[in-house]
Amino acid sequence: MAKYNEKKEKRKIAKERINILFSLAERVFPYSPELAKRYVELALLVQQKATVRIPRKWKRRYCKKCHAFLVPGVNARVRLRQKRMPHVVVKCLECGHIMRYPYIKEIKKRRRKNIE
């Protein structure tokens, strides 16, 4: 039982640190994009070591290839596409990597809301 609580506590601390590192990256980005990138890399290391998931709000804010902290309009291009299935296309302008996130769930949720 003690081992389980210890592991739970480690994961809780890891999640807190990930949040802190990403918020620091967000705050520091306008002055030093390289430092923001380093914060993202550290957050990913913490995440790997503690085997926790990065919160969804931060997961889409960094490039999966070069680990740059992404700010739309500065070093990332964000587009909405309807072809095939509706999705958001985020292109990292530092390395050119393209990430696609479907938003079909949001559309279904909105449709259900309108019916009710």
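- Counting all heavy atoms, side chain and backbone alike, A76 lies closest to V90 at CB-CG1, 4.4 Å.
- Looking only at distances, no side-chain donor or acceptor of H97 sits under 3.5 Å from a matching main-chain atom of C95.
- Contact of the Q47 side chain with the L45 side chain is not registered, since no non-hydrogen atoms from C-beta on lie closer than 4.5 Å.
- Residues I20 and Y39 share a hydrophobic cluster, clusters being chains of Ile/Leu/Val/Met/Phe/Trp/Tyr side chains in contact below 4.5 Å.
- Annotation: cation-pi pair R60/Y101 present, NZ/CZ under 6.0 Å from the ring centroid and within 45° of its normal.
- Hydrophobic cluster membership is shared by L44 and V71, with clusters built from Ile, Leu, Val, Met, Phe, Trp and Tyr side chains linked at under 4.5 angstrom.
- A donor-acceptor pair under 3.5 Å is absent between the side-chain atoms of S32 and the main chain of V28, judged by distance alone.
- Inter-residue side-chain proximity for C92 and C66 is flagged as met; some heavy-atom pair is nearer than 4.5 Å.
- Rounded to the nearest 0.5 Å, atoms SG (C63) and CZ (F69) are 12.5 Å apart.
- Taking CD of E94 as the start and CG of N75 as the end, the distance is 4.5 Å to the nearest 0.5 Å.
- Hydrophobic clustering of Ile, Leu, Val, Met, Phe, Trp and Tyr side chains at less than 4.5 Å, counting indirect connections, keeps I13 apart from W58.
- Ion pairing between a basic and an acidic side chain is recognised when a charged N comes within 4.0 Å of a carboxylate O; K37 and E34 show no such pairing.
- The CZ atom of R17 sits 15.0 Å away from atom NZ of K15, with the distance rounded to the nearest 0.5 Å.
- Looking at E26 and R61, their side chains come closer than 4.5 Å, going by heavy atoms from C-beta outward.
- Between N5 and E9, the closest side-chain pair of non-hydrogen atoms is not below 4.5 Å.
- Considering every non-hydrogen atom in both P55 and N19, the closest pair reads CG-OD1, 3.9 Å.
- The CG atom of L21 sits 10.0 Å away from the CZ atom of R38 when rounded to the nearest 0.5 Å.
- Transitive grouping of hydrophobic side chains (ILVMFWY, heavy atoms separated by less than 4.5 Å) brings V78 and L80 into a common cluster.
- Contact of the E16 side chain with the I18 side chain is not registered, since no non-hydrogen atoms from C-beta on lie closer than 4.5 Å.
- Taking the centre and axis of the six-membered ring of Y62, the NZ or CZ atom of K64 falls inside the cone set by 45° and 6.0 Å.
- The shortest non-hydrogen separation linking G96 to K91 is O-CE, 3.9 Å.
- Looking at every heavy atom in both residues, A25 comes nearest to V40 through CB-CG2, 4.3 Å.
- In this structure, the separation between CZ on R11 and OG1 on T51 is 4.0 Å, given to the nearest 0.5 Å.
- Atom CG in L93 sits 8.5 Å away from atom CG in L70 (nearest 0.5 Å).
- If you chain together hydrophobic residues whose side chains sit under 4.5 Å apart, L42 and L35 fall into the same group.
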